[in-house]
Structure formats: C-alpha cells, structure tokens
Number of protein chains: 2
Amino acid sequence: MSENNPDSPPTPHAATSPSPPTEKKIPKAVIKRLSLYSRVLQNLEIMDREKVSSRELAARLGLNSAQVRKDLAYFGQFGVPGLGYYVSDLRQNIKRILGTDRAIRLALVGVGNLGTALLSYAGFARQGFHIAVAFDCDRRKIGSTKGNVRIYDAADLARIVRQEEIDIGILAVPADHAQAVCESLIGAGINAILNFVPAHLSVPDSVHVHYVDLSIEIESLSYYLR
Amino acid sequence: MSENNPDSPPTPHAATSPSPPTEKKIPKAVIKRLSLYSRVLQNLEIMDREKVSSRELAARLGLNSAQVRKDLAYFGQFGVPGLGYYVSDLRQNIKRILGTDRAIRLALVGVGNLGTALLSYAGFARQGFHIAVAFDCDRRKIGSTKGNVRIYDAADLARIVRQEEIDIGILAVPADHAQAVCESLIGAGINAILNFVPAHLSVPDSVHVHYVDLSIEIESLSYYLR
DNA sequence: CAGAAACCGTGAGGAAATTCACAATGTCGT
DNA sequence: ACGACATTGTGAATTTCCTCACGGTTTCTG
C-alpha cells in the first residue's frame with residue numbers, strides 16, 4: 001500500500017526493502033519542474049532562441065537559478081559554462097528523460113462535464129498527449145464519440161485498456177466509484193493515474209497517482225483572502 | 001514581486017521587510033491539508049459519525065497521524081485526549097479558519113472549453129463556491145449565459161469585479177493573454193487567483209496564485225512509467 | 001593571446017516539512 | 001473511585017528540499 005502508516009506495524013513483505021539501491025533518488029518536485037522547463041524551452045524554440053542561461057530559465061518560472069542547474073544536473077551535464085544551455089538540445093534531453101519523446105496514450109474514465117472538457121482540451125494535444133479511448137457506464141453515451149474519441153462501456157475497461165496499450169488513466173467519475181475504477185485500471189496494468197475525483201485513492205506503492213482537486217485549490221486560496 | 005530572485009539584487013522596497021512578525025508562519029501545505037480534512041469531515045458527518053481520531057483521519061487521506069495533529073495544533077486545541085475530535089465541531093472550526101464559513105464569490109475569465117466545464121462543475125457548488133460572473137472577449141459569447149452564469153465583456157472586468165464583490169479570479173484564457181488578464185484582476189482588487197493557464201504569472205507578493213496545470217501532471221506522470 | 005566576463009556544476013549549509021516518541025490528559029468499565 | 005486504555009499535543013530527531021557561494025571552464029573583447 002502507498003499508505004504512509006507508521007501508526008500500525010509495518011507490513012511484513014515490504015518492510016525489509018530499505019530502498020532500491022538504484023543510484024540516487026530524484027525528488028518528485030524535480031520531475032514536476034522538468035516539465036516546466038520543457039514547456040519554457042518549447043516557447044524559446046518558437047522564438048528561435050538558440051541558447052538560454054539557467055538564470056533566464058529561472059526568471060521565466062519564478063525559481064532560483066541554482067535550482068534549475070541542480071535539477072538538470074541530476075540527469076547529466078547539459079550546459080556549457082560561460083554560455084548556458086542549447087535550447088533544442090536541452091529540450092530533447094528533457095523529453096527523453098520524462099519519456100515524452102514518444103506519444104503517450106491516455107484513457108479517460110467518466111465522460112461527464114469535466115471529462116468532456118478534457119476530451120477537447122487543446123493543451124494535451126499541444127504537448128503530444130493523446131486521449132485514445134474513453135469509458136462511461138451511461139448507456140446513452142456508450143458507442144458514441146466526443147471530440148473524436150470513442151466512448152466504451154466501462155465494463156470492457158480491462159480488455160480495451162490492454163488492447164490499446166494505454167499508459168495513463170484519467171479518472172473523472174463520481175466520487176463513490178473512484179476507488180473501484182482505480183482498481184480496475186490497476187488490474188488492467190495501468191500504473192499511472194491522474195485523478196480529478198475529490199477522493200483519496202488507496203493504491204500499491206508501484207502505482208503513481210497525481211491529484212487535481214479544484215475545490216481544494218479554491219478553498220485553500222480562500223484562506224489567503226486576508 | 002513574488003519572484004524568488006536572489007540572482008539579482010533584492011528589490012529596494014520589499015527588501016527590508018524580513019517577515020511579518022504576525023505570530024508563527026503557517027506552511028502552505030498545511031492549508032491545503034486543512035481543506036482535505038474539511039472534506040473528509042463532511043463525509044463523516046454524512047455518515048453520522050460523532051467523533052474521529054487523528055489516526056483515522058490520517059488513514060483516510062494517506063497521511064501520518066502526527067501530521068494531522070500537528071496541522072490542527074497550529075490553530076488551537078480541538079481534540080480531546082483519549083477520545084479524538086468531534087466531527088462537526090472540528091469541521092466548523094476548519095471552515096472558519098479557511099474562511100469558507102461564508103459564500104466565496106468567484107469570477108471566471110475565459111469561457112472556452114475548460115471555462116465552460118468549470119461553469120457547470122458540480123464540485124464547486126457542493127463546497128459552497130459560486131461562480132458569480134464570467135468574462136470573455138468573444139462577441140458571440142458576451143451577453144449570453146452558460147450554466148446560469150452571465151458572460152460579460154472582458155473590457156468591463158474591473159468595474160464588474162468590484163461591483164460583484166468578487167473574492168477569487170479563475171483564469172482560463174489563452175496563454176498569451178494570461179499575464180495581462182492577471183494584471184487586470186489585480187487592478188480590480190483581486191488578490192487570489194486560480195490559474196489554469198500553462199504560464200507563469202508575475203504578481204506582487206500580496207497576491208496568491210495557485211496553478212492547475214494539466215499537461216504538467218500528465219508529463220510528470222509519464223516519467224514514472226518505469 | 002591575455003584579461004574580463006558569463007555561466008555551469010556542486011559541496012556545504014540552511015530552511016522547511018515530516019515523523020518519531022512520549023508525557024499529559026482524558027475516557028470508560030467495573 | 002480507580003486502573004487500564006486510548007488519544008492528544010508537542011519537543012526532538014530526521015528527512016527532504018532549497019539556496020548560497022565558489023572553483024572551474026568556456027566564450028568574448030580588444
């Protein structure tokens with residue numbers, strides 16, 4: 001389980017694996033920023049900029065330049081002292097590191113309001129992501145297409161997800177179905193999930209979940225209204 | 001500026017305010033979790049649970065129970081040793097702390113795909129948030145309503161935002177308009193913004209921006225596909 | 001070609017956040 | 001009323017993340 005539960009005794013099987021001695025561990029925050037760098041570099045490429053310094057990169061993202069350099073240094077030496085980074089070269093390297101140098105195949109589960117918006121969200125295509133299939137359990141939607149994406153019966157999820165070689169599942173179902181659908185996805189071999197449902201998901205350690213929770217964002221902003 | 005830019009010399013005016021000596025500083029992450037607690041408590045209330053322990057609260061969110069206790073302890077003593085927390089009481093306290101014990105008024109700027117979805121997103125209403133007005137600069141949309149929300153000309157933003165006593169602005173415009181619209185909002189007195197645009201916003205320190213960036217989430221998930 | 005300038009990579013230090021661990025405090029059954 | 005038990009609140013330890021500061025390398029300028 002990914003539950004961080006030191007309150008109860010450690011689960012026997014996972015307890016004795018102190019840490020995969022696979023080199024040095026890379027902070028999650030670094031990975032998120034790699035994505036940011038990638039997009040800034042994309043913009044710079046469009047502007048025909050050949051090179052960029054860690055300082056400028058940092059300024060464009062509101063970060064510290066040392067952090068930019070350190071982040072990149074986790075993965076190799078991409079810069080040229082006295083000059084900076086070559087925009088295209090760095091961007092390609094980052095895409096390779098992130099694994100976005102090939103098309104990522106997404107499956108959307110839950111074609112309600114939010115799901116529908118995601119099907120036609122231009123931002124995905126621009127970054128090379130592609131919602132390959134969608135699922136719902138509403139008879140009226142099954143079989144139709146929205147934004148060029150076919151909607152299948154959620155009952156066939158496992159089969160189709162395997163068949164279509166889906167990489168990442170997007171969860172946009174009602175809250176009381178979230179855990180069950182999540183388990184279906186995992187059962188179908190998915191180990192990366194983007195969850196729009198305002199509910200915590202219990203998943204094995206091997207599965208990565210990113211949460212996007214709109215109400216939380218509003219609610220926590222509300223705190224800062226003086 | 002909120003820019004964390006120690007590369008260039010500190011800006012004169014803001015430089016000499018070391019830290020508002022307003023008691024102890026509360027980590028941003030704590031505020032986000034308060035929101036999570038609030039929602040779990042809402043669910044527990046619906047289940048007619050009278051009390052709950054930090055341990056259960058933690059388990060329901062995949063957190064450590066000490067963290068739950070410490071988070072709450074920032075704001076007072078809400079628990080009863082040996083017993084736990086009273087669900088309704090704690091929830092009310094958290095809502096008061098977050099400022100969500102009154103209706104929060106939102107303005108949406110940019111009624112495209114994503115914006116439209118937000119207008120009819122059920123999750124907002126459920127948590128007591130209300131999109132009061134929307135803005136766009138497309139002639140065909142101005143004057144119409146979507147999901148019971150009237151769409152105004154973005155040119156009238158400042159006037160209407162003040163008139164409607166908007167608390168928080170939601171940004172869902174094309175990337176190249178984001179900074180300008182953001183400045184309009186700030187000019188209209190807004191100091192909390194939820195930004196769905198994949199672009200960094202430069203704002204004064206007094207303004208809080210939360211970023212929701214869907215492509216980043218996908219891209220960084222992609223890294224973890226082994 | 002030499003000196004100045006720009007900039008990267010990184011060890012050391014610091015800050016922030018999380019977790020541990022336990023004393024203090026309350027409940028509950030008998 | 002008392003002892004066993006559950007659970008909070010919190011200082012201390014730990015972990016994670018960020019920033020500083022500087023040596024070293026390359027480019028640029030005259």
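For clarity, every value in this text was computed on a predicted model and none was experimentally measured. Side chains are part of it too, since the values below use all heavy atoms of this structure and drop only hydrogens, waters and symmetry mates. So you know, we letter chains A, B, ... as the sequences are listed, proteins then strands, and number each from 1.
Not a single donor-acceptor pair under 3.5 Å links the side chain of Glu219(A) to the backbone N or O of Leu98(B). Judged by distance alone, with hydrogens and angles left aside, the side-chain atoms of Ser215(A) form a donor-acceptor pair with the main-chain N or O of Gly123(B) at under 3.5 Å.
Residue-to-nucleotide proximity on DNA chain D shows that, of Ala29(A) and Gly84(B), the 5′-proximal contact is made by Gly84(B).
Residue Lys70(A) places none of its side-chain N or O atoms closer than 4.0 Å to OP1 or OP2 of dC17(D). Here Gln77(A) reaches the OP1 or OP2 of dT10(C): one of its side-chain N or O atoms lies under 4.0 Å away. At the phosphate of dT8(D), OP1 or OP2 sits under 4.0 Å from a side-chain N or O atom of Ser54(B). OP1 or OP2 of dC17(D) has not a single side-chain nitrogen or oxygen of Tyr74(A) nearer than 4.0 Å.
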Check nucleotides 22-30 of chain D against the protein and report each pair of N or O atoms closer than 3.5 Å, with its distance, or say if there are none.
none

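Using a 3.5 Å distance cut-off with no hydrogens or angles, the side chains of Asn191(A) and Ser206(A) do not pair a donor with an acceptor.
Taking the six-membered ring where the residue is Trp, Phe75(A) and Tyr223(B) present perpendicular rings, their angle passing 60° and hence far from 30°.
Two residues are said to be in side-chain contact when any heavy atoms from C-beta on lie closer than 4.5 Å; Asp213(A) and Val197(A) fail this criterion.
Between Phe78(A) atom CZ and dC7(C) atom C1' there is a gap of 17 Å when expressed in whole angstrom units.
Salt bridge annotation for Arg91(A)-Glu45(A): present, with a cationic side-chain nitrogen under 4.0 angstrom from a carboxylate oxygen.
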